[in-house]
Amino acid sequence: MDLPRDLASLRANADDAVELLEGWSDPLTFAADNWPNEPLRDFQPEPLHALAETRSVAVKAARGSGKSRLAAIAALWWLCHREGSLVLIVTPVHAQGHLWREVQHLWRSSSLLSKLFGSWQILESEIRTSSPLWRALMVSAESGAAIEGAHGSGGTLLLLDEAKQIDDDAYGSALGSLGADPDSRILAISTAGGCVGWFYRAFTSERDRWDAVFSYTAYDVPRLRDRAEEMKKRLGEFSILFRSQWLSEFGSANETPFFNGAKVEAAIEKPLDVSGCPVILAVDPARLGGDRTVCVARRGGRIERVITLPPSDLMTTAGEVVRLTRETRARTVVVDSTGLGAGVADRVEERFEEIMPGAVDVVFFQGGSSPEFPESRELYVNAKTEAAARLAGMLERQEVSLPNRAELIAQICSYEQKIGSNGKLRIEDGPGKSPDFGDAAIMSFATIASSHVSVGFAPFRFGGGGSSAGRRIYG
């Protein structure tokens with residue numbers, strides 16, 4: 001191995017340092033020397049060893065399994081043991097800096113690196129060395145030609161982080177950074193995603209183009225096993241989100257229903273004790289055309305009534321909602337306030353302040369807004385998906401009773417689940433007419449912040465006894 005010129009002065013009086021650096025051609029030795037108190041864990045040694053021996057390595061692993069640390073060690077190893085080398089880290093968007101924060105953490109926590117390479121600068125998205133062509137650089141997949149324009153005279157490590165989110169065009173551009181150097185390397189790492197794109201093909205139809213591919217589930221990581229079991233209960237064993245993020249399986253969302261049909265069928269007229277639970281009334285106001293306003297009254301896990309109202313003007317609809325609220329003795333009214341529904345929600349809230357001040361909470365529900373709870377924002381695209389996942393989880397635990405209403409059952413079973421490029425789950429309407437019955441049922445399990453009032457529920461707990469009573473939160 002040729003030592004970096006930065007270390008030439010060490011030859012005369014630091015033979016031990018020279019010997020140390022010569023051993024760093026092995027990334028496992030590099031990691032052990034620099035972080036002796038934080039040894040490599042679980043699957044991490046295997047891909048690192050493969051990266052030292054081969055040109056292209058693809059890794060898909062469960063969420064929280066240590067992918068970022070693995071990638072950060074690989075980046076620092078390549079940079080520190082090869083003079084003039086380039087580490088090019090490509091992320092889907094520049095804001096995704098988790099891997100770079102891991103690089104910074106590892107640098108600070110290694111007394112050897114800071115001593116041997118004390119002149120290097122660790123910046124927000126770059127490591128600058130003694131040479132402008134010897135560096136580590138983080139760029140986004142949106143950077144276009146800037147990706148393929150980066151080169152290093154001592155070979156390039158192209159590190160593709162969250163690879164499932166990097167499209168084919170950006171991947172092709174990134175390959176231009178490798179140049180003709182036979183020692184250049186590619187490391188692609190991510191959780192699994194949909195059955196599309198170059199990262200999916202690396203494990204399937206184009207597997208023979210990669211020197212090494214590895215797949216690790218949460219059950220390959222002892223510290224994740226209990227968490228995986230919890231997520232299986234919450235999301236369902238056959239949820240594509242569970243299977244992709246925890247079992248590392250690629251999945252096609254286009255053929256996957258959101259709700260388990262067998263669980264829905266088992267919930268029809270299921271006996272369920274809901275004594276003491278408050279009533280929540282959810283309202284999906286009629287849109288233009290022949291749609292009807294659909295109202296669902298839920299008590300605990302049981303949907304007790306499904307009421308349809310004919311299309312009418314907003315004031316008439318609002319009046320009917322007030323009447324049904326009093327009739328069902330609901331303490332919370334959730335109204336789809338997207339579009340014309342906002343007028344219904346405004347009038348219902350105004351009317352209750354006139355006749356029953358403080359007695360009823362009115363929730364302005366917007367399914368496309370952000371989920372209520374921070375833990376949900378990591379899993380679901382929007383508030384509608386969060387509410388649907390709550391219903392799905394209760395169905396899995398047999399905590400739901402549904403009326404034998406054909407339209408309701410059909411629409412609940414028609415929803416599809418998708419996984420976005422960000423790895424989050426999204427519910428989508430099935431083909432055909434707008435699922436008013438299904439939407440009202442989902443909304444009855446929702447919590448959502450409005451501009452001035454929201455109703456919160458205790459976060460979804462595994463093996464619990466259903467949702468808790470609502471509470472008013474003033475913003």
Side-chain angles (χ1 to χ4, degrees), residues 279-298 303 305-328 330-356 359-372 380-391 405 407-408 411-412 414-415 426-430 432-457 470 472-473 475:
V279 176
I280 296 172
L281 183 69
V283 183
D284 185 25
R287 301 296 191 262
L288 299 177
D291 289 346
R292 298 161 291 180
T293 292
V294 178
C295 305
V296 164
R298 173 174 74 88
I303 291 181
R305 294 182 63 184
V306 178
I307 308 108
T308 59
L309 303 173
S312 187
D313 61 87
L314 297 184
M315 294 303 99
T316 300
T317 299
E320 284 296 294
V321 172
V322 170
R323 179 186 65 79
L324 286 172
T325 303
R326 301 181 71 177
E327 181 180 308
T328 59
R331 287 168 45 182
T332 301
V333 182
V334 184
V335 183
D336 184 355
S337 60
T338 305
L340 62 85
V344 175
D346 282 335
R347 179 54 183 157
V348 169
E349 182 180 53
E350 180 182 57
R351 185 62 181 141
F352 277 119
E353 285 302 314
E354 293 172 354
I355 63 175
M356 301 168 61
V360 177
D361 291 333
V362 178
V363 180
F364 290 58
F365 179 82
Q366 292 187 339
S369 61
S370 178
E372 178 92 15
Y380 311 124
V381 168
N382 53 34
K384 180 177 178 179
T385 307
E386 178 189 30
R390 186 174 294 109
L391 171 56
R405 185 79 177 256
E407 288 174 296
L408 173 67
Q411 290 183 10
I412 287 177
S414 72
Y415 291 103
R426 181 180 74 253
I427 190 172
E428 286 197 356
D429 296 347
K433 192 177 179 181
S434 174
D436 302 321
F437 289 84
D439 284 355
I442 288 170
M443 280 194 298
S444 72
F445 289 84
T447 63
I448 188 67
S450 71
S451 59
H452 55 291
V453 176
S454 72
V455 174
F457 287 83
R472 181 175 286 219
I473 304 171

S.K.: How many angstroms lie between atom CG of Asn382 and atom OG of Ser369, to the nearest 0.5 angstrom?
M.R.: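 Interatomic distance, Asn382 CG to Ser369 OG, rounded to 0.5 Å: 7.5 Å.
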
S.K.: If you compare all heavy atoms of Ser312 against all heavy atoms of Thr317, which two are closest, and at what distance to 0.1 Å?
M.R.: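 That closest heavy-atom pairing would be O-OG1, 3.9 Å.
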
S.K.: What are the two closest heavy atoms between Gly341 and Pro285, and how far apart are they?
M.R.: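 Nearest heavy atoms, Gly341 then Pro285: CA-CG, 3.9 Å.
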
S.K.: Taking the side chain as every heavy atom from C-beta outward, state whether Met443 and Val296 have any pair of such atoms under 4.5 Å apart.
M.R.: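 No, too far: nothing below the 4.5 Å cut-off.
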
S.K.: Taking all atoms of both residues into account, what is the closest heavy-atom pair of Leu281 and Val321, and its distance?
M.R.: CD2-O, 4.1 Å

S.K.: Could you check whether any side-chain heavy atom of Ile442 comes within less than 4.5 Å of a side-chain heavy atom of Ile427, counting everything from C-beta outward?
M.R.: yes

S.K.: To the nearest 0.5 Å, tell me how far Thr332 OG1 sits from Asp361 CG.
M.R.: 5.0 Å

S.K.: Looking only at heavy atoms, what is the nearest atom pair of Phe437 and Leu408, with distance?
M.R.: O-CD1, 3.6 Å

S.K.: Please determine whether a side-chain nitrogen of the Lys or Arg among Asp336 and Lys384 lies less than 4.0 Å from a carboxylate oxygen of the Asp or Glu.
M.R.: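 Between Lys384 and Asp336 there is no salt bridge, as every charged N stays at least 4.0 Å from the carboxylate O atoms.
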
S.K.: Arg326: which residues meet the side-chain hydrogen bond (donor to acceptor under 3.5 Å, both in side chains) condition with it, sequence neighbours left out?
M.R.: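 If we apply the side-chain hydrogen bond (donor to acceptor under 3.5 Å, both in side chains) test to Arg326, skipping adjacent residues, there are no hits.
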
S.K.: Check whether any side-chain heavy atom of Tyr415 sits under 4.5 Å from a side-chain heavy atom of Asp439, and report yes or no.
M.R.: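 Result yes, sub-4.5 Å side-chain heavy-atom pair found.
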
S.K.: Indicate yes or no: at least one non-hydrogen side-chain atom of Phe364 is less than 4.5 angstrom from one of Asp346.
M.R.: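 Yes, their side chains come closer than 4.5 Å.
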
S.K.: First locate atom OG1 of Thr328, then atom CZ of Arg323, and finally report the distance between them rounded to the nearest 0.5 Å.
M.R.: 10.0 Å

S.K.: Do NZ/NE/NH1/NH2 and the carboxylate oxygens of Glu372 and Arg390 come within less than 4.0 Å?
M.R.: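 A salt bridge is absent here (no side-chain N lies under 4.0 Å from a carboxylate O).
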
S.K.: Tell me the closest heavy-atom pair linking Asp436 and Gln411, and the distance in Å.
M.R.: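 Looks like N-OE1, 3.2 Å.
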
S.K.: Is it true that a side-chain atom of Arg298 and a backbone atom of Ser444 form a donor plus acceptor pair closer than 3.5 Å?
M.R.: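 Checking the backbone N and O of Ser444 against the side chain of Arg298, a donor-acceptor pair under 3.5 Å is found.
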
S.K.: For the backbone of Val306 and the side chain of Arg405, can you confirm whether one donor and one acceptor N or O come within less than 3.5 Å of each other?
M.R.: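 Yes, Arg405 side chain to Val306 backbone: donor-acceptor pair under 3.5 Å.
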
S.K.: Hey, could you give me the CG/OG1 distance between Leu324 and Thr293, rounded to the nearest 0.5 Å?
M.R.: 10.5 Å

S.K.: Which distance, rounded to the nearest 0.5 Å, do you find between the OG1 of Thr325 and the CD of Glu320?
M.R.: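 So the OG1 of Thr325 and the CD of Glu320 are separated by 10.5 Å.
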
S.K.: Side chain of Ser337, backbone of Phe365: donor and acceptor closer than 3.5 Å?
M.R.: yes

S.K.: Verify, without hydrogens or angle tests, whether Tyr380 (side chain) and Ala387 (backbone) share a donor-acceptor contact under 3.5 angstrom.
M.R.: no

S.K.: How far apart are the closest heavy atoms of Gly367 and Thr338, and which atoms are they?
M.R.: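 Residues Gly367 and Thr338, closest heavy atoms: N-OG1, 4.4 Å.
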
S.K.: Using a 4.5 Å cut-off on heavy atoms from C-beta on, say whether the side chain of Arg347 contacts that of Leu314.
M.R.: no

S.K.: Determine whether Val283 and Val348 make a side-chain contact, defined as any pair of heavy atoms from C-beta on separated by less than 4.5 Å.
M.R.: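 Not touching, per the 4.5 Å side-chain cut-off.
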
